[in-house]
Amino acid sequence: MESTRKHLIELLTKQEGHISGQQLSEQLNISRTAVWKHMNELKKDGYEIEAVQRKGYKIHGFPDKISENTLQWGLETRWMGHQLYHYDQVESTQEIVHQMAKQGKPHGTVVVADEQVGGKGRMARSWDSPKGKGIWMSFLLKPDLPPVEAPQLTLLAATVIAKMIDERSDLEPQIKWPNDVLIHHKKVSGILTEMQAEQDTIQYIVLGIGMNVNQEEEDIPSDIRYKASSFKIESGLDWNIQKTIQHFLTLFESSYDQFIRDGFQSVKEDWEKYGYKIGENVTISTMKETWEATLLGIEPDGALRARRKTGEEEKLYSAEIHWGEGGYLA
Ligand code: BTN
C-alpha cells in the first residue's frame, strides 16, 4: 500500500477520538486538501470514516478485504502479530518468515497471504492455497526451549485451531495426531513447523498454518476431495477471514504463554479433548514397519502412545496413522 495512505490509516487507527485535518496534514507532511482527497479514496475502498466539523476524522470500520491494517484493527494481543505483514500473493509464507528471522524480526512476527503459489505441506508435499479462500499464515517464534520440545508447539497450534473452530461454530473439530485438524473426518487444517537450532538451543521456529476456510466443494482438488474439506463446506456458512485470524492469534498467544509458564500439561489436556480415534483401532506406519494398533493417547511430552495387538505399548515420535474404509494416509 502507498506509504502516505498506510501512515494515514495508522494515525486514524491509533487515535481514540477524532483527529483533526490539521494534525493529519502536519504529521503526514501533506496539505489539508491532500488529506481530504485521501479520505475520499479510503471511503471509496470501503473504509468507514466519519468527518465532524471542528473535531476531525474518526475511523469506524475497515473493508472486507484483509490488509495489515484490517488485521491489526481490534487485535488485542500483547505480542502476537504486533509486526504483521500481508501479501496478496507469495510462493510460501514460510520462506518469507525465514528471511525475516534472518533479518532479526521479533518473536510473534506474522505473515499472512491471500494466495500461495508454492505452498508447502509436511513431508515435502505441496499445499493448495487458493486466493482468498483460506488462511495461509506463518509466524516467527523464539522460545527458550530445548529443540526436542519444539514438536510440542505443533500440538499446541493444533489445539488452538480446534478450540477456535469450536468457539466460532457448532462444528466438532478433532485432531489427528500429531497435528491435522479434521471436521467430519476430513482434513481442514494443517501445520508445518520448521526449526533453526544450534546444539541445545532453538534459534527460531517458523510455524506455518494452513486453514481451508471458504472453499466450496469444487475449489478442493478432485484427487483429495474424499479426505479434505473446508470450514464452509462443513458448516454451510461463510467465515470472516479477518476475524478468524484475529481469534486464532489471540487464542494462540494465551495458550503459548501458558505453555511457556506451566509446561505441556495444559496443552495435553486440550489436545486430548479433541484427539481423533483415541481408544480406536488404526493402522500405523513408521519408517520401519506397518502394524495394527489401538491409539491410547499422548504422553506428557506429546509423543503418541499406541498398543500393538500383542499388548505391547509403544511411544512414537513420528508415524502416519491410517484406518479402514475411506481412511487415508496423511
Ligand atoms: C500439512 O498438513 O502438511 C501442513 C500444511 C501447512 C500449510 C501452511 S499454509 C501457510 C504456510 N506456508 C506454507 O507454505 N505452508 C504453511
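Whatever order the structure lists ligands and atoms in, that order sets their numbers, starting from 1. All heavy atoms count here, side chains included; hydrogens, waters and symmetry mates do not.
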Closer than 4.0 Å to some heavy atom of [X] - which atoms of ligand 1 meet that?
| X | value |
| --- | --- |
| Q94 | 11 (C), 12 (N), 13 (C), 14 (O), 15 (N) |
| T93 | 10 (C), 11 (C), 12 (N) |
| G119 | 14 (O) |
| S138 | 11 (C), 12 (N) |
| G210 | 7 (C), 8 (C), 9 (S) |
| I191 | 2 (O), 4 (C) |

Quick one: do the [X] and [Y] side chains pair a donor with an acceptor below 3.5 Å?
| X | Y | answer |
| --- | --- | --- |
| T93 | Q116 | yes |
| Y274 | D166 | yes |
| T201 | E198 | no |
| T70 | Q242 | no |

Salt bridge flag under 4.0 Å for residues [X] and [Y]:
| X | Y | value |
| --- | --- | --- |
| R308 | E289 | yes |
| K232 | E216 | yes |
| K37 | E41 | no |

* Distance-only N or O hit between ligand 1 and R122, under 3.5 Å ->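 Yes, there is a polar N/O contact under 3.5 Å.
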
* Does an N or O from S92, backbone or side chain, lie closer than 3.5 Å to an N or O of ligand 1? ->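 Yes, there is a polar N/O contact under 3.5 Å.
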
* Asked: Is atom NZ of K65 surrounded by more than 12 heavy atoms (other residues, nucleotides or ligands) closer than 6.0 Å?
  ->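 It does: K65 NZ has more than 12 such atoms within range.
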
Heavy-atom contacts under 4.0 Å between [X] and ligand 1: side chain, backbone, both, or neither?
| X | result |
| --- | --- |
| N179 | neither |
| K187 | side chain |
| Q116 | side chain |

* Establish, yes or no, whether a centroid distance under 6.0 Å links the rings of H38 and Y57. =>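 No, the ring of H38 stays outside the 6.0 Å limit from the ring of Y57, centre to centre.
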
* Taking atom 15 (N) of ligand 1 as the reference point, the nearest protein heavy atom with its distance ->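 Nearest neighbour among protein heavy atoms for atom 15 (N) of ligand 1, to 0.1 Å: K120 O, 2.7 Å.
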
* Asked: Quick one: nearest non-hydrogen protein atom to atom 5 (C) of ligand 1, plus distance?
  ->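 Protein heavy atom with the smallest distance to atom 5 (C) of ligand 1: W127 CE3, 3.4 Å.
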
